[in-house]
Structure formats: structure tokens, C-alpha cells
Amino acid sequence: MRWIIDGVDDLKRVAREFLESTGEDTIYALYGPMGVGKTTFVKAVAGCLGIEDDVTSPTFAIVNEYLTAQGDSVFHFDFYRVKNVEEAMDFGYEEYFYSGNRCFIEWPEMIESLLPENTLVCRFAELEDGRRELTIE
């Protein structure tokens, strides 16, 4: 799957289509350079799920938990500051990744060996004209 995001106003459409197309998949590894819009995309998806909390990057907390309108947990990770796999193991990543809840993982390259087999790889890129591209592998 591939989407072109035509700006912030287009995020809701892409987030809705993303959720429709990913079905039962719950683990999303978000790859892309800093500033490409990974956290902004998670905010848009959260809005589609009925999350009313302010969605922010969990850079210092490593993980933030949000509740959907139905009361389901959504976990948002940022492994940018993680120095090795052991740090992720120490905070009990398995409880999150294997919970059946949606997990959005920013900077997954820091913990790739821990990602479940069914992880969807989501690549974000900035196009020459400033729009963003999201592809799922």
C-alpha cells in the first residue's frame, strides 16, 4: 500500500484508509527521518480511533498509552534514545507487543530483533515538493 499525504489536512483521510487496510494487524514499525511526520500520523490515527488525549511523542517516557473510544489501549513507542536491546527488554516490551493492542513504534531500527514477525513496516518519506509518502511493506 502507498499513500501520498497532501498536507496536515489530508492526514485524517490517510489515517482512516490506513486503519481500514491494515485490518487485524496491530504492530506498526514507523521508519523515516526525524521531522517527516511519524508522530503527527499517530495523532491522526488516534483521532480516528476516538482517542481524545493529547498524543505526543514518548521520547523520554519511551511509551505512552492511550485509550480508544471503546476503551482499548493503544501504545505509542519512541526508541530514539534507547541505546541497546537490553533497555527495551528491561521495561517489558513483550507485555505491549504481544498484548493484541495496537502498537506504533517510532525508531524501530533500535530494537528490530525484538519486533514480532507480524510487524507491519511503515516507511515515511518527504517528497521533493514537500508532501509526505507512506508505504507499507
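The structure displayed is predicted, hence computed values, not measured ones. These numbers come from the heavy atoms of this one structure, side chains and all, not from hydrogens, waters or symmetry mates.
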> Which heavy atom of Leu120 sits nearest a heavy atom of Ile136, and at what distance?
Replying inline: CD2-CG2, 4.0 Å
> Where is the tightest heavy-atom contact between Ile5 and Val14, given as atom of each residue plus distance?
Replying inline: CG1-CG2, 3.9 Å
> Who passes side-chain contact (heavy atoms from CB on, under 4.5 Å) against Glu87, sequence neighbours left out?
Replying inline: Val82, Lys83, Asn84
> Which pair of heavy atoms, one from Ala88 and one from Leu114, lies closest together, and at what distance?
Replying inline: CB-CD1, 3.6 Å
> Where do Leu67 and Ile51 land on the side chain to side chain contact (heavy atoms under 4.5 Å, CB included) test, with the steps shown first?
Replying inline: CA-CA 6 Å; Leu67 294 177; Ile51 294 171; over 6 Å; no
>> For the SG atom of Cys48 and the CZ atom of Arg16, what is their distance to the nearest 0.5 Å?
In response: 6.5 Å
>> What I'd like to find out is whether the side chain of Asn64 reaches to under 4.5 Å of the side chain of Thr56, using heavy atoms alone.
In response: yes
> Between Arg102 and Leu49, is any pair of side-chain heavy atoms under 4.5 Å apart?
Replying inline: yes
> Which pairs with one or both residues in residues 57-77 pass ring-ring contact (aromatic ring centres under 6.0 Å, His included), sequence neighbours excluded?
Replying inline: Phe75-Tyr96, Phe77-Phe79, Phe77-Tyr96, Phe77-Phe97
> Which pair of non-hydrogen atoms, one from Thr135 and one from Arg2, has the smallest distance, and what is that distance?
Replying inline: CG2-CG, 3.7 Å
> In chain order, what residues pass the side-chain contact (heavy atoms from CB on, under 4.5 Å) check against Gln70, with sequence neighbours excluded?
Replying inline: Thr68, Asp72
> Does the Thr22 side chain pair with the main chain of Phe18, one donor and one acceptor, at a distance under 3.5 Å?
Replying inline: yes
>> Tell me the closest heavy-atom pair linking Gly100 and Thr26, and the distance in Å.
In response: O-CG2, 3.5 Å
> Under a single-linkage definition using a 4.5 Å side-chain heavy-atom cutoff for Ile, Leu, Val, Met, Phe, Trp and Tyr, are Phe124 and Val121 assigned to the same hydrophobic cluster?
Replying inline: no
> Is it true that a side-chain atom of Asp129 and a backbone atom of Arg131 form a donor plus acceptor pair closer than 3.5 Å?
Replying inline: yes
> Are Phe41 and Phe104 near enough that their ring centres are under 6.0 Å apart?
Replying inline: no
> In the hydrophobic clustering that connects Ile, Leu, Val, Met, Phe, Trp and Tyr at side-chain heavy-atom distances below 4.5 Å, which members other than Ile4 occupy its cluster, ordered by chain and number?
Replying inline: Leu127
> Can you pull the salt bridge (charged side-chain N to carboxylate O under 4.0 Å, His left out) pairs that have at least one residue in residues 114-123, sequence neighbours excluded?
Replying inline: Arg123-Glu137
>> Can a side-chain donor-acceptor contact be found between Glu106 and Ser57 if the only test is distance below 3.5 angstrom?
In response: no
> Got more than 12 heavy atoms from elsewhere within 6.0 Å of CD, Glu52?
Replying inline: no
> How far does SG of Cys122 sit from CD1 of Ile27, to the nearest 0.5 angstrom?
Replying inline: 11.0 Å
> Which atoms form the tightest heavy-atom contact between Met110 and Tyr80, and what is the distance?
Replying inline: CE-O, 3.7 Å
>> Main chain of Tyr31, side chain of Lys38: is a donor-acceptor contact present, judged purely on distance under 3.5 Å?
In response: no
>> Rounded at 0.5 Å granularity, tell me how far CZ in Arg81 sits from CG in Asp78.
In response: 8.0 Å
> Given Glu17 and Trp3, is the side chain to side chain donor-acceptor pair (under 3.5 Å) satisfied, shown in steps?
Replying inline: CA-CA 9 Å; Glu17 290 176 11; Trp3 292 272; 2.9 Å; yes
> Do Cys103 and Tyr28 come within less than 4.5 Å of each other through their side chains, counting heavy atoms only?
Replying inline: no
>> Measuring from atom CD of Glu109 to atom CG of Leu30, what distance do you get when rounded to the nearest 0.5 angstrom?
In response: 10.0 Å
> Mind checking what makes side-chain contact (heavy atoms from CB on, under 4.5 Å) contact with Thr40, not counting sequence neighbours?
Replying inline: Leu11
